[in-house]
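Take a look at the structure set out below.
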Protein chains: 2
Amino acid sequence: MSDLARTPPQIGNLIRRARKKRGLSQSQLGELAGLRQETISLIETGNPAAKLKTILAVLAALDLEFRIVPRSKGAAAELEDIF
Amino acid sequence: MSDLARTPPQIGNLIRRARKKRGLSQSQLGELAGLRQETISLIETGNPAAKLKTILAVLAALDLEFRIVPRSKGAAAELEDIF
DNA sequence: CAGAAATATGCGCTAATTCCGATATTTCAT
DNA sequence: ATGAAATATCGGAATTAGCGCATATTTCTG
């Protein structure tokens, strides 16, 4: 239920759930993102060495995007004007 | 300003601004994140092939994190229960 | 239960990160 | 302007993604 994405496995899980919600197979998503089914599989299982552009391609194909946010209120306060 | 992070350069810019707001040099941030100054430099200038775990290490060192969100209201509606 | 569809795994390959150790080059105070 | 700090760049070594192609394995459907 959370859009929290603090670790590669969490990111992978979210991608997997979004993909399924859209009724896509890994192959179909791969085609949309310009990637192979195997690559989607690796990402969904939490490959920490995946490349940034690869993750971004998958997110874009699912109509998703990253947002960078403070982890805590303290961080939000310290970084005000930015976040 | 926006915390939008749709592309590697945008992500790099945000990281750079957050780092400066915290008064850290690239070397200092690198030390916190377990990375080299050179690597921080590459990330901040928008290297699209940076590894996911590398980006996550930098964000964590800055007390930041990723959030995955829908790009549009339409997407949010289609993916409800997830986002 | 059978057959198909979907997902995970395998090998060889190329490209590119990141590391290490130095060093240009740019930026910034005084 | 000058020196110091900060950032960008270079060669080499190691590691690994993602590709193509093929296949094992799990999951779903009838």
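These values consider heavy atoms only, across backbone and side chains, with no hydrogens, waters or symmetry-generated copies. We name chains A, B, ... by the order of the sequence lines, and we start the count at 1 in each one.
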| query | Rounding to a whole Å, what distance do you find between B:Glu44:CD and C:dT18:P? | reply | 13 Å

| query | By a strict heavy-atom criterion of less than 4.0 Å, which residues belonging to residues 29-42 of chain B are in contact with DNA chain C? | reply | B:Gly34, B:Leu35, B:Arg36, B:Glu38, B:Thr39

| Taking the side chain of B:Ala49 as its heavy atoms from C-beta onward, which of C:dA16, C:dT7, D:dT7 lies nearest to it? | C:dA16

| field | Side chain B:Gln10, main chain B:Arg6, donor-acceptor under 3.5 Å | value | yes

| Closer than 4.0 Å, any side-chain N/O of A:Thr45 to the OP1 or OP2 of C:dA8? | no

| query | Under 3.5 Å, side chain of B:Arg67 to main-chain N/O of A:Ala5, donor-acceptor pair present? | reply | no

| remark: Taking for B:Lys53 and for B:Arg19 the nucleotide of DNA chain D with the nearest heavy atom, the one nearer the 5' end belongs to B:Arg19

| said: Heavy atoms from C-beta onward define the side chain here; which of D:dA6, C:dT7, D:dA17 lies closest to that of B:Ser25? | reply: D:dA6

| query | Atom NZ of B:Lys51 and atom C1' of C:dA15: how far apart are they, to the nearest Å? | reply | 12 Å

| request: Any pair with a residue in residues 46-62 of chain A that passes side-chain hydrogen bond (donor to acceptor under 3.5 Å, both in side chains), sequence neighbours left out, goes on the list, sorted by first then second residue, please. | output: none

| query | Between B:Arg19 and B:Leu24, is there a donor-acceptor pair closer than 3.5 Å when you use the side chain of the first and the backbone of the second? | reply | yes

| field | Separation of D:dA6 P from B:Gln28 CD (nearest whole Å) | value | 7 Å

| request: Please say whether more than 12 non-hydrogen atoms of neighbouring residues, nucleotides or ligands are located less than 6.0 Å from CD in A:Glu31. | output: no

| message | Whether B:Arg22 and A:Glu78 form a salt bridge (side-chain N of Lys/Arg under 4.0 Å from carboxylate O of Asp/Glu) is what I want to check. | response | yes

| How long is the line joining CG of B:Leu52 and P of D:dA17, in whole Å? | 11 Å

| query | Taking 4.0 angstrom as the limit, do A:Asp81 and B:Lys21 come out as a salt bridge? | reply | yes

| said: Can you measure B:Gln26 atom CD to C:dT27 atom P for me and round it to whole angstrom units? | reply: 13 Å

| field | Value in whole Å for how far the P atom of C:dT7 lies from CD1 of A:Ile43 | value | 14 Å

| said: With a 4.0 Å limit, can you tell me whether B:Asn47 has a side-chain N or O closer than that to the phosphate oxygens OP1/OP2 of C:dA16? | reply: no

